[in-house]
Every structure is written in structure tokens, then in C-alpha cells.
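Comments concern the structure below.
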Amino acid sequence: MTNLKVALQLYTLRDYDQEDFAAKLRKVREAGYDGVEFAGFADIPAEEMKGMLEKAGLTAMGSHTRIEELLDQLDEVIAYNQVIGSSYIVIPYYKIESMEDVHSLITIVKEMGPKIRAAGMDLLYHNHYHEFTNEFGDKPILEMLREATTEAELNFEIDMFWTTHAGREPVKVMEDFGSRCKTVHVKDMVSIEGKEMTEVGTGILDLKGIIGKAQSAGYKWVVVEQDRIKIDGYESVKISLDHVKAICSGI
């Protein structure tokens with residue numbers, strides 16, 4: 001039996017943003033999730049959000065926060081996440097089109113990361129496909145970010161779908177990043193050819209290998225996310241969680 005906890009990235013349920021936020025959290029908990037990773041806070045004050053989480057029985061695993069907000073309102077972002085109990089503040093995306101962009105991001109995280117670490121959290125970077133490429137250098141962008149920073153400045157949330165999309169083997173990437181990878185986005189793919197997202201456990205990813213590696217590496221959390229869903233959203237996230245939990249129970 002694993003000690004891994006499973007969070008849902010709430011971006012997965014963005015099509016349900018019109019409903020009461022507390023009701024959304026309650027449904028996520030009813031599906032069986034231990035926590036959530038935020039993608040915005042719907043203008044809800046931190047203390048109120050904390051109360052909603054407690055009432056629902058969920059933990060705030062972390063939050064995806066746009067780089068613009070981190071640059072303009074870092075103190076406020078840190079304070080909010082401290083109140084709700086987040087472990088991670090995550091850069092969800094950074095536009096990189098040149099070596100200058102890479103150096104700019106490195107400079108940003110070197111200043112920002114230690115402030116977040118001093119507040120009791122880690123700054124993470126969440127990858128997409130393009131960070132495994134580099135049209136203007138001799139190393140993949142993600143490797144450059146890792147080599148140019150320390151664990152006190154920046155760590156990583158490796159997305160299993162985008163890793164596979166880039167032709168990399170997810171468990172190998174987790175091994176390569178070692179202690180710098182703090183969590184993963186568990187996101188499945190129908191086929192290499194089509195690169196279409198599907199519910200976790202219904203596609204081609206080595207879910208058992210990924211969960212096993214997360215467990216052996218001492219991760220506290222894995223995060224379920226699916227950007228594009230063809231069925232009811234709540235049904236989708238329950239299917240994904242059931243497959244993850246089934247593997248967790250066998251470890």
C-alpha cells in the first residue's frame with residue numbers, strides 16, 4: 001500500500017466554473033481525491049477558500065499561477081497559498097522562443113524561488129512539449145533550467161503526457177530529474193500517432209511504472225489532469241482516479 005496522495009488539477013473541470021465553487025470541491029472529494037491543485041481561485045478570499053477546503057475534506061496540494069501574476073504580485077500569491085496550506089506554487093507555462101527567453105526565466109526563478117522556499121513552499125515548473133526541444137541551443141530547455149538552478153530555487157512538475165508527446169520515456173525522465181522532480185501530472189494518451197488525451201489508465205502510458213517510481217522516489221503527491229474531455233467531467237475524473245488508486249493499492 002502506497003502513501004501517495006492524489007490531487008486533481010482543477011483546470012480539468014474548467015467547463016464547470018459556472019457552478020458553486022464549494023459544490024465543485026465537494027464533488028471532487030466525493031470522487032475520492034485527497035486534494036486539489038488550483039488553476040485560479042475564482043476571486044474567493046484565502047480564508048474563505050481555506051474554509052471550503054476544510055469543509056470538503058480536501059488538501060490544497062498547490063496552485064498553478066501565471067508568470068505575470070508571480071512577477072507582479074508575488075507577496076500576495078505567497079500569502080494566499082500559505083493560508084490555504086499549499087505545498088507548491090507552480091509556473092504552468094512560459095513562452096520560450098529564444099535563448100534570451102531561457103536566460104530570462106532562469107533569472108526570474110533564481111530570485112523568486114528562494115522567497116517561496118523561505119515561506120515553506122517550493123517553486124515548480126510544469127512542462128509542455130516545447131521544453132524537451134531547443135532550436136537555439138545544444139540541450140533541451142528543461143535540462144538547461146535544471147542545470148542552471150538549485151533545488152532551493154526551482155524544482156519540477158513533470159507532465160507525463162507532454163513528456164510522451166516529445167518522444168521521451170516518462171519513468172526515465174523522472175529518474176533523470178531525481179529529487180528535483182517533486183510531483184508529476186498523470187495524464188494519458190490514446191496513441192503516439194494521434195496524441196489525443198484520454199482518461200488515465202485507458203491509454204498507452206505506463207501508469208504502473210509511473211506510480212511505482214513516484215512511490216519509490218518519495219513523492220507526496222501525484223496529480224491527475226486532462227485538458228480535453230469528451231464525456232462528463234466528473235465521470236472522467238472518477239475514471240482516472242479509480243485507475244490510479246487501483247495501482248496505488250497494489251504497491
Side-chain angles (χ1 to χ4, degrees), residues 9 11 37 62 64-71 74 87-117 121-189 191-195 197 203-207 209-214 216-223 225 227:
Q9 166 50 253
Y11 181 77
E37 183 179 53
H64 276 206
T65 307
R66 293 181 304 108
I67 191 67
E68 295 83 3
E69 188 174 355
L70 289 170
L71 289 170
L74 181 60
S87 297
Y88 306 111
I89 294 175
V90 188
I91 299 171
Y93 173 81
Y94 192 86
K95 188 175 183 179
I96 298 176
E97 297 180 330
S98 66
M99 191 63 73
E100 182 179 350
D101 292 335
V102 175
H103 292 315
S104 176
L105 177 57
I106 290 169
T107 299
I108 289 169
V109 301
K110 279 183 167 293
E111 179 178 354
M112 191 178 293
K115 294 179 181 178
I116 292 172
R117 173 65 71 91
M121 296 169 283
D122 277 329
L123 175 64
L124 306 184
Y125 185 86
H126 166 268
N127 68 282
H128 290 81
Y129 166 82
H130 70 283
E131 291 93 347
F132 284 105
T133 67
N134 192 340
E135 297 177 358
F136 36 82
D138 57 359
K139 291 182 180 180
I141 293 166
L142 209 62
E143 291 181 19
M144 294 178 64
L145 292 177
R146 180 186 61 185
E147 293 176 2
T149 58
T150 68
E151 194 164 350
E153 296 166 338
L154 182 69
N155 292 290
F156 297 87
E157 178 180 64
I158 305 296
D159 187 297
M160 300 290 91
F161 177 92
W162 293 113
T163 299
T164 303
H165 189 293
R168 303 301 182 92
E169 202 286 304
V171 175
K172 178 64 165 57
V173 172
M174 293 167 73
E175 291 172 349
D176 290 345
F177 274 73
S179 64
R180 298 292 297 278
C181 182
K182 299 300 183 184
T183 185
V184 292
H185 268 192
V186 184
K187 186 189 302 181
D188 217 333
M189 180 184 292
S191 68
I192 291 292
E193 295 75 21
K195 296 182 173 61
M197 295 179 188
I204 63 170
L205 264 66
D206 177 15
L207 185 58
I210 292 166
I211 297 299
K213 183 60 184 177
S216 65
Y219 293 12
K220 296 178 181 178
W221 291 92
V222 294
V223 185
E225 182 187 36
D227 300 20

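Quick note: residue numbers are just sequence positions, from 1. Hydrogens, waters and symmetry mates play no part in the numbers below; they use all other heavy atoms, side chains included.
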> Residues in side chain to side chain donor-acceptor pair (under 3.5 Å) with Asn127, at least two apart?
Replying inline: none
>> Counting C-beta onward and ignoring hydrogens, is there a side-chain heavy-atom pair between Ile211 and Tyr219 closer than 4.5 Å?
In response: no
>> Once side chain to side chain donor-acceptor pair (under 3.5 Å) is applied, do any residues pair with Asp122, and if so which ones, sequence neighbours excluded?
In response: Arg117
> Which heavy atom of Gln9 sits nearest a heavy atom of Val223, and at what distance?
Replying inline: N-CG1, 3.7 Å
> Can you name the ring-ring contact (aromatic ring centres under 6.0 Å, His included) partners of Phe177, sequence neighbours left out?
Replying inline: Phe156
>> With a 6.0 Å cut-off (strictly less than), is the heavy-atom count around CD of Glu169, excluding the residue itself, greater than 12?
In response: yes
> Between atom CD1 of Ile116 and atom OH of Tyr88, what is the distance when rounded to the nearest 0.5 Å?
Replying inline: 13.0 Å
> Looking at residues at least two apart in the chain, or sitting in another chain, which of them share a side chain to side chain contact (heavy atoms under 4.5 Å, CB included) with Glu175?
Replying inline: Val171, Lys172, Lys213
>> Give me the atom names and distance for the closest heavy-atom approach of Val222 to Thr183.
In response: CA-OG1, 3.7 Å
>> Once rounded to the nearest 0.5 Å, what's the spacing between atom NE2 of His64 and atom NE2 of His126?
In response: 5.0 Å
>> Taking side chain to side chain donor-acceptor pair (under 3.5 Å) as the definition, give me every residue that meets it alongside Thr133, ordered by chain and number, with sequence neighbours left out.
In response: none
> Excluding sequence neighbours, so at least two apart, what forms side chain to side chain contact (heavy atoms under 4.5 Å, CB included) with Thr107?
Replying inline: none
>> Is the ring pair Tyr93/His128 parallel, tilted or perpendicular, if the boundaries are 30 and 60 degrees?
In response: perpendicular
> Below 4.5 Å, heavy atoms only, C-beta onward: do Trp162 and Phe132 meet side chain to side chain?
Replying inline: no
> Side-chain contact, heavy-atom cut-off 4.5 Å: Met160 with Met189?
Replying inline: no
> Rounded to the nearest 0.5 Å, what separation is found between the CG atom of Leu74 and the CD1 atom of Ile108?
Replying inline: 11.0 Å
>> Which residues pass the side chain to side chain donor-acceptor pair (under 3.5 Å) test with Glu68, not counting sequence neighbours?
In response: Arg66
>> So, using side chain to side chain contact (heavy atoms under 4.5 Å, CB included) as the criterion, who are the partners of Ser87 when residues are at least two apart?
In response: none
> Considering all heavy atoms of both residues, which atom of Asn134 and which atom of Pro140 are nearest to each other, and what is their separation?
Replying inline: CB-CA, 4.2 Å
>> How close do Cys181 and Val184 get, counting heavy atoms only, and between which atoms?
In response: SG-CG1, 4.0 Å
>> Distance check, rounded to the nearest 0.5 Å: Leu105 atom CG versus Met112 atom CE?
In response: 9.0 Å
> Which pairs, with at least one residue in residues 144-156 and sequence neighbours excluded, count as a salt bridge (Lys or Arg N to Asp or Glu O under 4.0 Å)?
Replying inline: Lys110-Glu153, Lys139-Glu147, Glu151-Lys182
>> Could you measure the distance from the CG atom of Leu124 to the CD1 atom of Ile158? Nearest 0.5 Å is fine.
In response: 9.5 Å
>> Quick check: do Val109 and Ile91 have side-chain heavy atoms less than 4.5 Å from each other?
In response: yes
>> A side-chain contact here means heavy atoms from C-beta on lying under 4.5 Å apart; do Leu142 and Tyr125 qualify?
In response: yes
> Please, which pairs that meet salt bridge (Lys or Arg N to Asp or Glu O under 4.0 Å) have at least one residue in residues 89-105, sequence neighbours excluded?
Replying inline: Lys95-Glu97
>> Using the side chain to side chain contact (heavy atoms under 4.5 Å, CB included) criterion, which residues pair with Lys220? Sequence neighbours excluded.
In response: none
> Quick one: CD1 on Ile204 to CD1 on Ile192, what's the gap to the nearest 0.5 Å?
Replying inline: 3.5 Å
> Can you list every salt bridge (Lys or Arg N to Asp or Glu O under 4.0 Å) pair that touches residues 157-167, not counting sequence neighbours?
Replying inline: Asp159-Lys187
